[in-house]
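Following: one structure in structure tokens, then a few remarks.
Naming: A, B, ... by sequence-line order, numbering from 1 per chain.
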Amino acid sequence: MINKVVENAEKALLGVTDGMTFMLGGFGLSGIPENSISELVKLGVKELTCISNNAGVDDFGLGLLLQKRQIKKMISSYVGENDEFERQMLSGELEVDLIPQGTLAERCRATGAGIPAFYTPAGYGTEVAEGKETREFKGKMYVLEHAFEPEFAFVKAWKGDTAGNLIFKGTARNFNPMMAMAGKITVAEVEELVAVGELDPNQIHTPGIFVQRIFQGTAYEKRIEQRTVTPKS
Amino acid sequence: MGLSKQEIAQRIAQELRDKWYVNLGIGIPTLVANYIPKGIEVEFQSENGLLGMGPFPVEGTEDADMINAGKQTVTVLKGGSLFDSATSFAMIRGQHVQLTVLGAMEVAQNGDIANWKIPGRMVKGMGGAMDLVASAENIIVAMMHTNKRGESKILKECSLPLTGVGCVTKVVTNLAVLEVKNGAFHLLERAPGVSVEEIQEATEGTLIIEGIIPEMKL
């Protein structure tokens, strides 16, 4: 088996420079690559374009990169819950491209699947479709959407093996599998790194072929954004 | 005047049918899950990658890896499943989900919906709403009939940037149940104690009133 393991986040992010385009997995704060984000903050790389469904909160997730003004452009479907983001967006410091969530997911998938563009019904007749090619299929209108070109994809899994095979847990899977497929270099951080043979091949969500570097993550906070519970009766 | 938010949800729940997969938006739509009619089975889809969504977890068992599209901690029921975002939107665009319920700022008589952006104000994004409304065959909007200034949100044409075109099939407001077809709102039911005249008064779009309009049963 091809060994993809690197020692830590620092080694995993080798080659990251200013001006690059990244994909970062996660939905809200669930399944975000916490260790890679911390390392990006430490590296201080700037002028970044970040493709991520959300933009974190003020003091966690991508909010940490926003605080340090490392992001030039965000490509997301929903960016609430972040005051610093709002300030930078309204002042024009931050460029924001809002796209429908399903289109975002499919553009990530297309990127990794060798599909340069595809038609989707989402956004037809709205400002999202302005300037884009549209076409009718069987009486319904569709919008042409394109794949991305990310230099790195940062994903987070529950378990991974040294060959880069990944298993996600719960709804922390979200955008991670498609982004793993899409990165020119995909960096996977995992809660538990195991030897090959320890994961059941039947249960792998992301095959190791999509992962270039994998490392054992540390000190996961796994913050809950909206804690909603049923009281103990 | 008219229904509370809970009652709007309760009325929408009467639209659920046996063996339907349903996507509920944030706000009033989420409450629909509390009023599933007896004797039918439905499964709730959450677009962040969950089918068979259950209630909020018992205090102390909440898990950062188990949330709904509103980022609230939830549970997965027995027989539920988990998947990635591309698969989730394949379910939605591929019309495997039978009903979408969502909120709106404005609805127009041709079925257009606006619910994601107010020019000049902070834009948070459309999330999955555009994919949902572009694809679902059956879209019910849960909303208040008028805004805080008393102006109708049931319009001839939307004034706000659109989320989707010609897609809304039914609207349930605090005042009425409306069907959207042939370029007009058709009044199906009145909220208890609300007159046809009051509904007409609160509706800017073309309202078709045929025969005697019954009161909703909750």
>> Under 4.5 Å from any heavy atom of chain A, what part of B:F56 do you find: side chain, backbone, both or neither?
In response: both

>> As an exercise: rank A:G28, A:G31, A:G102, A:G125 by heavy-atom pairs under 4.5 Å with chain B and give me the winner.
In response: A:G102

> If you count heavy-atom pairs under 4.5 Å with chain B, which of A:A105, A:A55, A:C108 comes out on top?
Replying inline: A:A105

Using heavy-atom distances under 4.5 Å, tell me whether [X] contacts chain B through its side chain, its backbone, both, or neither.
X	value
A:I99	backbone
A:F85	side chain
A:V128	side chain

>> Could you go through B:M122 and A:V79, starting from their C-alpha distance and side-chain angles, then the distance that decides it, and tell me whether this counts as side chain to side chain contact (heavy atoms under 4.5 Å, CB included)?
In response: CA-CA 10 Å; B:M122 169 66 186; A:V79 294; 4.2 Å; yes

Identify which of [options] forms the greatest number of heavy-atom pairs closer than 4.5 Å to chain A.
options	answer
B:V165, B:L50, B:I67	B:I67
B:G128, B:P57, B:A64	B:P57
B:G127, B:A86, B:A90	B:G127
B:V74, B:V76, B:V58, B:L82	B:L82
B:A69, B:A129, B:G164, B:G166	B:A69

Which N or O donor-acceptor pairs, by atom type, sit under 3.5 Å across chain B and chain A?
| residue | atom | partner | partner atom | Å |
| --- | --- | --- | --- | --- |
| B:F56 | O | A:T230 | OG1 | 2.6 |
| B:P57 | O | A:T230 | N | 2.7 |
| B:E59 | N | A:T230 | O | 2.9 |
| B:E62 | OE2 | A:R227 | NH1 | 2.7 |
| B:D63 | OD2 | A:K169 | NZ | 3.1 |
| B:A64 | O | A:S30 | OG | 2.9 |
| B:D65 | O | A:T171 | N | 2.7 |
| B:D65 | O | A:T171 | OG1 | 3.1 |
| B:D65 | OD2 | A:K169 | NZ | 2.9 |
| B:D65 | OD2 | A:K222 | NZ | 2.6 |
| B:I67 | N | A:T171 | OG1 | 2.9 |
| B:K71 | O | A:Q226 | N | 3.4 |
| B:T73 | N | A:Q226 | O | 3.1 |
| B:T73 | N | A:T228 | OG1 | 3.1 |
| B:T73 | O | A:T228 | OG1 | 2.8 |
| B:T73 | OG1 | A:T228 | N | 2.9 |
| B:T73 | OG1 | A:T228 | O | 2.6 |
| B:T73 | OG1 | A:T228 | OG1 | 3.2 |
| B:L82 | O | A:R173 | NH2 | 3.2 |
| B:S85 | N | A:N174 | O | 3.0 |
| B:S85 | OG | A:N174 | O | 3.3 |
| B:R93 | NH1 | A:G102 | O | 3.3 |
| B:K117 | NZ | A:E127 | OE2 | 2.5 |
| B:K124 | O | A:V79 | N | 2.6 |
| B:M126 | N | A:S77 | O | 3.2 |
| B:G127 | N | A:S77 | O | 2.9 |
| B:G127 | O | A:Q101 | N | 2.8 |
| B:D131 | OD1 | A:G102 | N | 3.2 |
| B:D131 | OD1 | A:T103 | N | 3.2 |
| B:D131 | OD2 | A:Q101 | N | 3.2 |
| B:D131 | OD2 | A:G102 | N | 2.9 |
| B:A134 | O | A:K140 | NZ | 2.6 |

>> Counting neighbours of OH on B:Y21 that are heavy atoms of other residues, nucleotides or ligands and sit closer than 6.0 Å, is the number greater than 12?
In response: no

> What do you reckon, is CD1 of B:I209 surrounded by more than 12 foreign heavy atoms closer than 6.0 Å?
Replying inline: yes

> Taking only residues two or more places apart in sequence, or in another chain, which ones meet A:F27 in a ring pair (Phe, Tyr, Trp, His ring centres under 6.0 Å)?
Replying inline: none

>> Run the side chain to side chain contact (heavy atoms under 4.5 Å, CB included) test on A:L98 and B:V123 for me, step by step, so that the C-alpha distance in whole Å, both residues' side-chain angles and the decisive distance to 0.1 Å come before the verdict.
In response: CA-CA 9 Å; A:L98 293 170; B:V123 183; 3.6 Å; yes

